[in-house]
Amino acid sequence: MTDPVSQHLGGFISIILFTLVFYGVFAYVREIVCTTICPYGRLQSVLMDDQSITIAYDHRRGEPRGHRKKGVEQSIGDCVDCNLCVQVCPTGIDIRNGLQMECVSCTACIDACDAVMEKLDRPKQLIGFYSVSEIEGGVQKKGNTRAIAYTLVLAALIAVFGWLVFSRSQVDGTLLRAKGSSYQIHEDGTVSNLYSLELINKTSGNIPFALEALGEKMTVRLVNPTTELKSGATAQLTFFLISPQQSVKAYKTNVKISVVSDGKVVETLKTTFVAPPGGG
Ligand code: SF4
Ligand code: SF4
């Protein structure tokens, strides 16, 4: 950074704002970003149901919770109410209260509880990856209407995306009439218009090409004849569209210019051709 700040005031103010926002996020807002601002958690909750596998507390095994007393026979569950799972939770929730939107699935509570279970010589996974119906002892279904509907929507989106990728044209172009020009009448009975054309080669290989006027008795004459578009490059072209004046039927004619490569039309562009009709 060698220029004075006054020359980049917009960028400087943006950096200051970003710095303040990120300072605020890390110093004050913290987990509220995960629980309230970030849309990811909210989106997840829409997609979930009883069959969704998530981080959950097996309350059938853990309850009733309580501290263990040495040498005393107690009819309590495996949860010793050590509160470690709450202490390690970055969003400060108690997973034993059931699935909550604030859970960011970091698995810290699983590790903390497994360590406790290990010390108590009890099976791990009091907190683990379970579905609600699995914990309740229900039947684990393989699919449901919502899952099938989402799968169909996803398949449709993938199909549209695939179609967009594979039908993407190799060449893109912008065709404009040359500024300030209308038409030129020539002694040989022809009339011409001047155009500028920008062609972009979106592929990684060179593309040989030619310009053709579609459907009219018109010919294209490039000012600087070029026959190849370099890979990933943009070419600025200027060309004349020439027509016998006798075949001009209206002052303004819609024409299509096609970019042809290896006998295939790779791009078609529309423009207008202006000339006095039929020699008038
Ligand atoms: S997975 Fe992470 S965010 Fe969720 S309850 Fe456990 S510790 Fe908290
Ligand atoms: S870490 Fe395990 S044993 Fe301790 S309170 Fe949480 S669920 Fe209960």
Side-chain angles (χ1 to χ4, degrees), residues 17-154 157-158:
L17 287 177
F18 267 107
T19 307
L20 289 175
V21 166
F22 277 93
Y23 179 77
V25 166
F26 288 115
Y28 302 107
V29 190
R30 296 194 291 205
E31 74 274 7
I32 297 171
V33 174
C34 307
T35 58
T36 311
I37 302 169
C38 174
Y40 177 76
R42 286 169 190 273
L43 192 68
Q44 288 289 308
S45 64
V46 175
L47 300 172
M48 289 179 74
D49 64 9
D50 287 356
Q51 306 291 324
S52 307
I53 290 179
T54 179
I55 291 166
Y57 165 71
D58 186 350
H59 65 89
R60 299 221 306 183
R61 196 186 126 192
E63 299 297 319
R65 67 186 79 161
H67 296 284
R68 282 163 196 268
K69 292 183 185 108
K70 265 193 182 163
V72 180
E73 194 65 33
Q74 292 171 285
S75 62
I76 56 171
D78 279 352
C79 176
V80 290
D81 209 11
C82 64
N83 234 27
L84 266 182
C85 51
V86 181
Q87 284 170 23
V88 296
C89 179
T91 61
I93 58 169
D94 187 344
I95 193 69
R96 293 173 297 172
N97 295 338
L99 180 62
Q100 290 149 74
M101 199 178 65
E102 288 85 351
C103 177
V104 292
S105 302
C106 69
T107 70
C109 53
I110 297 181
D111 295 341
C113 190
D114 277 356
V116 176
M117 291 299 115
E118 220 167 8
K119 280 184 199 147
L120 294 172
D121 210 16
R122 299 292 306 155
K124 290 182 183 178
Q125 301 292 295
L126 177 57
I127 301 173
F129 285 98
Y130 302 112
S131 70
V132 171
S133 75
E134 207 177 337
I135 291 174
E136 301 297 340
V139 186
Q140 190 76 10
K141 283 193 278 175
K142 289 243 160 54
N144 57 27
T145 317
R146 188 154 41 146
I148 293 166
Y150 281 132
T151 308
L152 290 176
V153 171
L154 184 64
L157 288 175
I158 291 172

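The structure displayed is predicted, hence computed values, not measured ones. Every number for a ligand or one of its atoms is a count from 1 in the order of the listing.
With a 4.0 Å cut-off on non-hydrogen atoms, Arg65 does not touch ligand 2 at all. When non-hydrogen atoms are compared, ligand 1 lies under 4.0 Å from the backbone of Val104 as well as from its side chain.
Around the OH atom of Tyr150, the shell of radius 6.0 Å holds more than 12 heavy atoms that belong to other residues, nucleotides or ligands.
Atom numbering of ligand 1 starts at 1 in the shown order; those under 4.0 Å from a heavy atom of Ile93 are 5 (S). Contact atoms of ligand 2 toward Arg96: 5 (S), 7 (S) (distance under 4.0 Å to a heavy atom of the residue). The contact set between ligand 1 and Ile95, taken as ligand atoms under 4.0 Å from a residue heavy atom, comprises 5 (S). In the vicinity of Cys103, heavy-atom distances shorter than 4.0 Å reach the ligand 1 atoms 1 (S), 3 (S), 4 (Fe), 5 (S). Close approach of ligand 2 to Ile127 (heavy-atom distance below 4.0 Å) involves ligand atoms 7 (S).
Of all heavy-atom pairs between Cys109 and Ile55, the closest is SG-CG2, 4.0 Å. When all heavy atoms of Gln125 and Asp114 are compared, the closest pair comes out as N-OD1, 2.9 Å. Taking both residues in full, the closest heavy atoms of Ala112 and Val88 are given as CB-CG2, 3.9 Å, listed atom of the first, atom of the second, then distance.
In terms of protein heavy atoms, atom 3 (S) of ligand 2 is closest to Val80 N, 3.6 Å. The single protein non-hydrogen atom nearest to atom 8 (Fe) of ligand 2 is Cys79 SG, 2.3 Å, given as residue, atom name and distance. Ranking the protein heavy atoms by distance from atom 6 (Fe) of ligand 1 puts Cys109 SG, 2.3 Å first. In terms of protein heavy atoms, atom 4 (Fe) of ligand 2 is closest to Cys82 SG, 2.2 Å. For atom 2 (Fe) of ligand 2, the nearest non-hydrogen atom of the protein is Cys113 SG, 2.4 Å.
Checking Asn97, Thr107, Thr54 against atom 1 (S) of ligand 1, the nearest heavy atom belongs to Thr107.
For the pair Glu102 and Cys89, the minimum side-chain heavy-atom distance is 4.5 Å or more.
One finds the CD atom of Glu134 at 12.0 Å from the CG atom of Asp50 (value rounded to the nearest 0.5 Å). The SG atom of Cys79 sits 6.5 Å away from the CE atom of Met117 when rounded to the nearest 0.5 Å.
Under the side chain to side chain contact (heavy atoms under 4.5 Å, CB included) test applied with Asp78, the options Glu63, Arg122, Arg65 reduce to a single match, Arg122. Just one residue in the list Ile135, Ile110, Leu126 forms a side chain to side chain contact (heavy atoms under 4.5 Å, CB included) with Tyr57, and that residue is Leu126.
Between Val88 and ligand 1 there is no heavy-atom distance shorter than 4.0 Å.
In this structure a side-chain-to-backbone donor-acceptor pair under 3.5 Å is present from Gln100 to Asp94.
Metal site remark for atom 6 (Fe) of ligand 2: Cys85 contributes an N, O or S atom at a distance under 2.8 Å.
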